[in-house]
Trainee: 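Mind looking over this structure? Questions follow.
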Amino acid sequence: MNNYGTRSHALVRGQGCYLYDEQGQPYLDALSGIAVCGLGHSHPAVTKAISQQAAELLHISNLFNIGPQQALADKLCRAAKMERAFFSNSGAEANEAAIKIARKYGLQKGLAQPKILATHGSFHGRTLATLSATGNAKVQDGFLALRDSFVHVNYNDIDAIKQAAAENPEIVAILVEPIQGEGGVNTPASDYLEQLREICDQNQWLLMLDEIQTGNGRTGKYFAYQHSNILPDVLTTAKGLGNGVPIGACLARGLAAEILQPGNHGSTYGGNPLVCRAAEAVADALADGKLIQRAAVLGEKISSGISQGLSNNPLFVEVRGRGLMIGIELTQSCPELVELAWQQQLIINVTAANTIRLLPPLILSDEQADEIINKIVALVNQLSATHTAL
Ligand code: PLP
């Protein structure tokens, strides 16, 4: 189907931070399959886990106890300070589980039509429920979004939430990204999550964090909420969780962890032995914290290098983000930069029309970080030169 439009380039192989085209040309990957391959491509531990598990047991149903699933749940719950896990095959499905938890929680509270508060500019997935949670008309239009089930307010606006709380007694939960990814790497005030926690406690709402893009070391902590001093009730993650195998997880603690009961939810493939063994290899690689710390250091280096390099460029607005989740906002939309970067053998992304997004692997070397800085600065300079010439 034409949902991805025309794709002009093919990549056939990956190794570390490089992807290769059919001619064997290398491309420095500053996107990681959109925050997926945090350990880079063909990581030996992930490859080994997948090969060994494939030779042993690919799949059994969730009617049976699955050892690797239990082991992964233990590791993730320890890392996230959560108590229970449900495994899905994607980020959207992890959020579906969270949405179901919130709705059942609301019904148990006696509300006929429980609502979830979400934010404008968010992205939570493409299933019917998650596109309804997504605060972006372009994602929703044409699909009869379930508008009665969500209330949207501006991101990073605590007063708007208090007002929504006063106007909507049916709200039972907040679903929010600690940093909005697709929406433009929008980074809220440093006490945003603490304030959300306080509002949730006051109103007996569940605080549900979508860490599908921000999780698994990307922002310089295992989960981005760990930059603050709170615990969510529900945390969803995917992308970097499996380094490329399709897996998502909805983690929960306390009351929220007890809401889904036998028969309430399920997935044929969710948490199967193959994907769980791969995700365990990722969790093991992150466990000593060194790569996560490295993401923080590299993020500082790239962000300040680009800020300095572009400080006199008229198109440059600011660099945002945390760790290796970096957005560079320009004054004008700049989708053409993706192709210009490709020609320089660099893979990047542009989101929210005018924001260059960098999500490189956590295993990036200093030299590769310098290459990203130099190429981005040169590309934006090239763009502004064309702009001035026009
Ligand atoms: N939530 C966030 C914050 C995301 O960035 C994404 C994907 O970009 C999703 C949810 C949906 O994940 P998936 O594409 O795996 O369904």
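Each ligand, and each atom within it, is numbered from 1 in the order the structure gives. For this chain, numbers begin at 1 and follow the sequence in order. Owing to the predicted nature of the structure, the values given are computational and were not obtained by experimental measurement.
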Trainee: Can K162 and D157 be counted as an ion pair, charged N to O under 4.0 angstrom?
Mentor: no

Trainee: Against I302, only a single residue in L364, I328, I376 fulfils side chain to side chain contact (heavy atoms under 4.5 Å, CB included); can you say which?
Mentor: L364

Trainee: Crowded around K109 NZ? As in, over 12 foreign heavy atoms under 6.0 Å?
Mentor: yes

Trainee: Classify the side-chain pair Q343/E339 by whether it contains a donor and acceptor separated by less than 3.5 Å.
Mentor: yes

Trainee: Apply ring pair (Phe, Tyr, Trp, His ring centres under 6.0 Å) to Y105 and list each qualifying residue two or more places apart in sequence or on a separate chain.
Mentor: none

Trainee: Who are the residue neighbours of ligand 1 when the rule is a heavy atom under 4.0 Å from any of its atoms?
Mentor: S90, G91, A92, N95, F123, H124, G125, E177, E182, D210, I212, Q213, K239

Trainee: Does either side chain, that of T119 or that of Q180, offer a donor lying less than 3.5 Å from an acceptor on the other one?
Mentor: yes

